[in-house]
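Per chain, numbering begins at 1; letters A, B, ... match sequence-line order. Source: prediction; values computed, not measured.
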Amino acid sequence: MSFTHKHILGIEQLAKEDIQLILDTAEAFKEINSRDIKKVPTLRGKTIINAFFEASTRTRLSFEIAGKRLSADTVNISGSTSSVVKGETLEDTAKNIEAMAPDIIVIRHGHSGAPHYLAERVACSVVNAGDGAHEHPSQALLDLLTMRDHKGSIEGLEVAIVGDITHSRVARSDIYALSKMGARVRVCGPGTMLPIGIERLGNVEVFTDMREAIKDADVVMMLRIQMERQSNIMIPSLREYARFYGLNPTNLQLAKADAIVMHPGPMNRGVEISSAVADGTQNVILDQVENGVAVRMALLYLVSGVESMQTK
Amino acid sequence: MARILIKGGRVISPAQKLDDTCDILIEKGIIAAIGKGLEAKGAEVIDASGKVVTPGLVDIHVHLRDPGLEYKEDIVSGTLSAVTGGFTSIACMPNTKPVNDNQTVTSYILKKAAEVGYCRVFPIASITKGLDGESLTEMGELKDLGVCAVSDDGKPVSNPQLMRRAMEYARPFGLTIISHAEDLDLVGSGVMNEGPVSTELGLKGIPWVAEDAATSREVMLAEFTGAHLHVAHVSTKGSIEIVRQAKKRGVNVTCEAAPHHFTLTDEAVRGYNTNAKMNPPLRSAEDMAAVRLGIADGTVDAIATDHAPHHIDEKNVEFNIAMNGIVGLETALPLTLKLVEEGVIDLPKAIDLLTSGPARALNLPVGQLQEGGVADVTVLDPNLVWTVEAQRLKSKSKNTPFDGWEMKGAAVCTIVAGKIVYRRG
């Protein structure tokens, strides 16, 4: 089948078949990352701009490496060094980037909807690398690839996502992706961190008791407590949060014996996840990071419209 | 001044309980006669057969942006937009630059409106100086100068003690307190209605309780002080119910609803449409239904647009940082008539909500047709079908969520003080 999306704005717009194709394509790219010479000519002559208007280390690095391994020319701009700090509007920034004729813009932005805004105003492809509390599609796809690697199939999986659901774009994208692939999602967090109507986004059940949420789960995904995103009236203390919503060796036993533990990073050790679990045998956190490069290679390749993967 | 004879229209003036096919003769800016088969030699005749003739429409919630924000709107463009929409009287909010918190700004608005405006303008002064929420304006003198009410619209008075004192002080001067009822602490950094749509879009929500809590407080304070409270742009089911109950127990309270709140829901925000961003925000379908019910059962006294012009540069940005508000003067009439079409209210009720209702709410000497009274008249064609083209609006700003909408009903002739100020051509 062929991929018809020019942009990757969110998982919401993707069909099950699209997700399947992205994961299969990523699977094929994975092997390149273990070669001695980690480079193929697939996107030679293409220009990719990684426009990160919000701080990011992992995602930006991952997109940059993905582009370079496909032989694209990658250029990075960040919010703190761009004209944004000089008061330029996103539209003007977009038009200026556009004038330099890139093929793909990868955008991370603090405002929900910014990639959609950009996509309406530029001729090239736009890939959403995280917008506000809206979506983070490449993260969801690498999560799915990791689950598929370890569980064989996504369908039928019980996936618990625990943490600040309100502010989490990862949770939203994962809910869409997992629901489309036939998994069931349990979201869990303090009452202040569960947004109205989250259950309407997919195959979702809402919990406030973490023990119930992770009971017999196949996958336990812990979200980072984003201390920089909220005032201190959302939770009384990190100490109390860790007690009720932190994953530790004791409560992890409630999940299935072969459950895997995931985290989109960066982790707050001792808060949402104890070091014993983060470094324990069930964790697949670095597999997620590794898969991130392959998934992003797949996304860049698929939106580029280039006909052959040229993996040789 | 020319004589005008409006012939053969369905004349509706709810204040007079008038709904009959008859003629209106206008002489020297005054309604000289209302009756059947009127003749007047040399008068300009307006054939109103098949049309509806009403008191000039009244909008008690308009942001004219003049002085200081003329790049969005000014008194000329704003009043032109008003008469195009059929309005002959508008009350303008004080959040200009400088704020209308003093005699100089009030005088400026009145003078400019009289000299170059297309319709009557009734200035609303602020409750507090500079909208700072801390000290009262000189309301007594402002009232003498011609302000029709006081309001800190857009920047609600958060201190309940100050609101109490404002009500107590305003009451003996016969000044209405107009409240933009929102608890700003509960609004937080919200940018749209809090609900499933905000969750899906990943946008921060403004919960209904932010409005209900504030409306409740204002009603209690009005009950305590005996002042007249007018609640602006009621948008939630709870607020409607609070006002309904308050009226039942005799509290001196009135309220208004905006066309966008009885026409659209927060679903309109999808796609991060900044022309669906306003304050209070577009609410749920349940809230919209409650506002409609409030309109039907008399809880809502007036339809008011909250006409809030913003420059394209202030809307053509990410949703989070876009300005709140939409223009409304040129779309209010057909959207109100849509309520008639949909059976929510009948035509005389719709006219009441656009004329005598708002005039009563702010005690304005307009909004009715009577012999010897001022000749502010609107002739409207309830069946005229037209399409909204934002770029062709008379307002300087084009921020409407109704661009491209097919509308039914429009003003075809607007008369202010016996002078034709607008004719649909």
(request) Please look at A:H116 and chain B and tell me whether the side chain, the backbone, both or neither of the residue comes under 4.5 angstrom of a heavy atom of that chain. (result) side chain
(request) Please determine, among B:N320, B:V191, B:V197, the option with the most heavy-atom pairs under 4.5 Å with chain A. (result) B:N320
(request) Take atom CZ of A:R184 as the centre, draw a 6.0 Å sphere, and report whether it contains more than 12 heavy atoms from other residues, nucleotides or ligands. (result) no
(request) May I have the step-by-step check of side chain to side chain contact (heavy atoms under 4.5 Å, CB included) for A:H167 and B:K204, ending in yes or no? (result) CA-CA 9 Å; A:H167 295 96; B:K204 282 204 174 140; 3.9 Å; yes
(message) With a sphere of 6.0 Å drawn around CZ of B:R270, does it hold more than 12 non-hydrogen atoms of other residues, nucleotides or ligands?
(response) yes
(request) Tell me whether the centres of the aromatic rings in A:H134 and B:Y272 are closer together than 6.0 Å. (result) yes
(message) Could you report the tightest heavy-atom contact between B:G202 and A:S112, atom names first, then the distance?
(response) O-OG, 2.5 Å
(request) Select one option (side chain, backbone, both, neither) describing which atoms of A:E12 are under 4.5 Å from chain B's heavy atoms. (result) side chain
(message) Between B:N316, B:L203, B:V317, who has the most heavy-atom pairs with chain A when the cutoff is under 4.5 Å?
(response) B:N316
(message) I'd like to know whether CD of B:E286 has more than 12 heavy-atom contacts from other residues, nucleotides or ligands below 6.0 angstrom.
(response) no
(message) Tell me whether B:K237 at atom NZ has more than 12 heavy atoms from other residues, nucleotides or ligands lying less than 6.0 Å away.
(response) no
(message) For B:D313, which atoms come within 4.5 Å of any heavy atom of chain A: side chain, backbone, both, or neither?
(response) neither
(message) Counting only non-hydrogen atoms closer than 4.5 Å, does A:I198 touch chain B with its backbone (N, CA, C, O), its side chain (CB onward), both, or neither?
(response) both
(request) Working to the nearest 0.5 Å, report the span between CD1 of A:I175 and CD of B:E200. (result) 11.0 Å
(message) Checking the side chain of A:R172 only, and the main-chain atoms of B:T199 only, is there a donor and an acceptor separated by less than 3.5 Å?
(response) yes
(message) With rounding to the nearest 0.5 angstrom, report the CD to OG1 distance, B:E194 to A:T166.
(response) 8.0 Å
(request) Measure the spacing between CG of B:N193 and CD1 of A:I196 and express it to the nearest 0.5 Å. (result) 8.0 Å
